[in-house]
Student: 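Sharing a structure here in structure tokens format.
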There are 2 protein chains.
Amino acid sequence: MSEHLYLKGHPKAGAFHFVVEPFTEDYTGRLSWRNLGNQMLRCADMHAGSHGFGYEYTQRTRHAWVLSRLVVEMQEMPRTGEAYSIETWVNSIYRQFTDRLFAITAPDGRVYGYGCSTWALIDMDSRQPMNLDELPNGGFQNAIIPQSVPIEGLRRIRLKNAETVREVQAKYSDLDINGHVNSVRYIEMMLDLFPKSRYDETPARRIEVAYSLESYYDDVLTFVREDVSEQEALVEIRKNGAQPIVKATISFG
Amino acid sequence: MSEHLYLKGHPKAGAFHFVVEPFTEDYTGRLSWRNLGNQMLRCADMHAGSHGFGYEYTQRTRHAWVLSRLVVEMQEMPRTGEAYSIETWVNSIYRQFTDRLFAITAPDGRVYGYGCSTWALIDMDSRQPMNLDELPNGGFQNAIIPQSVPIEGLRRIRLKNAETVREVQAKYSDLDINGHVNSVRYIEMMLDLFPKSRYDETPARRIEVAYSLESYYDDVLTFVREDVSEQEALVEIRKNGAQPIVKATISFG
């Protein structure tokens, strides 16, 4: 396969190739955010695994990678039948956090979009984050690639005149293998706050999410939304009438 | 790949090979019904396409395959990382309907489960079903394989003492590429009517669905449920307070 990758096949990066399969699109015929998001998480896991810190390692040592921030900006979503590649790499490590970047490209080198994410490695027993400088064998330090992506990072998300727009209880199908509501499912739920007429006009182009707490089966999730412009909305998800667990900015256009 | 297929690689059948990818499981670590169901629909489409009646044909002639009945019975769901194959074939044609069967197997020949489905080919303009005996080039008649599957077909679904248990509006992410609520999404919504404690004990083993009408964005879906035993429940989905559009039996254990 001749792929024109963003990092040109850098040996420390992961590059994974996909085709948009039928039933993974939204109604407009383009890859859904849910499926893109879950593929990005899967690529993150496969790439971490190739450096010794994937699912096998975390299970054995009773740790878990926890997603803290995610920004994805898509110039375009691939359509059904189109090929795309997800490249992912570690860009920096600072004590308890690591930044992982993504580039999503077409086989001809066109860029569909970019992502940046921040992760912590949590001890499942103590719930404390590990110092990532102290991972065995030099850890991810060996994996760092300084190349950045040309999108803005997570901007501050502060709601002022927010309105409660929906309340749902976390259900069976919302849960991931750890029993938490899946990180990408929150994104899908937030996109579902907007009417179809919005998507008839223009797709969601950029999604920024700050994750602060997990939610579990039966938790009541309250969705609070503030439209800051025609093209941009802030969303906060609160758990059981109390603390915010997810904050996001969704940009259309 | 040495696969021990149910139909032993019959040239008129379609055989498609998958691995359960991370983020396609439910919280118990096994392939979710949503992902299994969508893969089965995808295999149906690929197999129909290999006989000349797939998406390309239906788009060109302004027809659409419409799922009328689906029964899936799983002895077990494959776990994350496990390989599975979906075989599908046309078992019979009777005027406006065709029966399509499925076998889901492990590489060692173990059977995960079976499916049977009934489809009509609808003219998108007149909304009338085609006579499937009159498809061009002999149509699916050439594709028929008499081999059956050892599961019971769709049983009559008649609710007597049903109770309304949920009401939701169809949202952006529920829609398929035709703008209808996705057939498999109804199954996920119906599974979400049961508490997690139910799945802690025992998985859904058999799902029977009769689809009678489509629903669209913003339609109000009312879920009515009747538990006929510890292990079995009937569910009806009504659209906008009126006609039933989906009826199902869900069996656990």
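Quantities reported herein were computed from a predicted structural model and do not represent experimental measurements.
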Student: For A:Arg127, what residues pass the salt bridge (Lys or Arg N to Asp or Glu O under 4.0 Å) criterion, not counting sequence neighbours?
Tutor: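 For A:Arg127, no residue satisfies salt bridge (Lys or Arg N to Asp or Glu O under 4.0 Å) once neighbours in sequence are set aside.
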Student: Identify the two heavy atoms, one from B:Gly29 and one from A:Ile177, that lie closest to each other, and give their separation to 0.1 Å.
Tutor: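 Nearest pair, atom of B:Gly29 first, then A:Ile177: CA-CD1, 3.6 Å.
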Student: Using heavy atoms and a sub-4.5 Å threshold, report which of residues 193-214 of chain A line up against chain B, by residue number.
Tutor: A:Phe194, A:Pro195, A:Lys196, A:Tyr199
Student: Which residues from residues 179-187 of chain A are near chain B, with near meaning under 4.5 Å between non-hydrogen atoms?
Tutor: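 If one takes a 4.5 Å heavy-atom cut-off, the residues of residues 179-187 of chain A near chain B are A:Gly179, A:Asn182, A:Arg185.
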Student: Examine whether an atom of B:Thr24 lies under 4.5 Å from a heavy atom of chain A, and if so say whether it belongs to the side chain, the backbone or both; otherwise answer neither.
Tutor: neither
Student: Within the side chain of B:Asp192, is there an N or O that forms a donor-acceptor pair under 3.5 Å with the backbone of A:Lys171?
Tutor: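 Judged by distance alone, no pair lies under 3.5 Å.
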Student: With a 4.5 angstrom heavy-atom cut-off, which part of B:Ser32 approaches chain A: side chain, backbone, both or neither?
Tutor: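 No part of B:Ser32 comes within 4.5 Å of chain A.
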Student: Could you tell me if A:Asp176 and B:Tyr27 have a donor-acceptor pair between their side chains, going purely by distance under 3.5 Å?
Tutor: no
Student: At what distance, to the nearest 0.5 angstrom, does CG of B:Asp174 lie from CG of A:Asp26?
Tutor: 12.0 Å
Student: Go through the atoms of B:Arg166 and report whether side chain, backbone, both or neither lie under 4.5 Å from a heavy atom of chain A.
Tutor: side chain
Student: Can you list the residues of residues 36-47 of chain A that sit under 4.5 Å from chain B, counting heavy atoms only?
Tutor: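 Heavy-atom contacts from residues 36-47 of chain A to chain B are A:Asn38, A:Leu41, A:Arg42.
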Student: Please rank A:Arg30, A:Met189, A:Glu25, A:Glu21 by heavy-atom pairs under 4.5 Å with chain B and give me the top one.
Tutor: A:Glu21
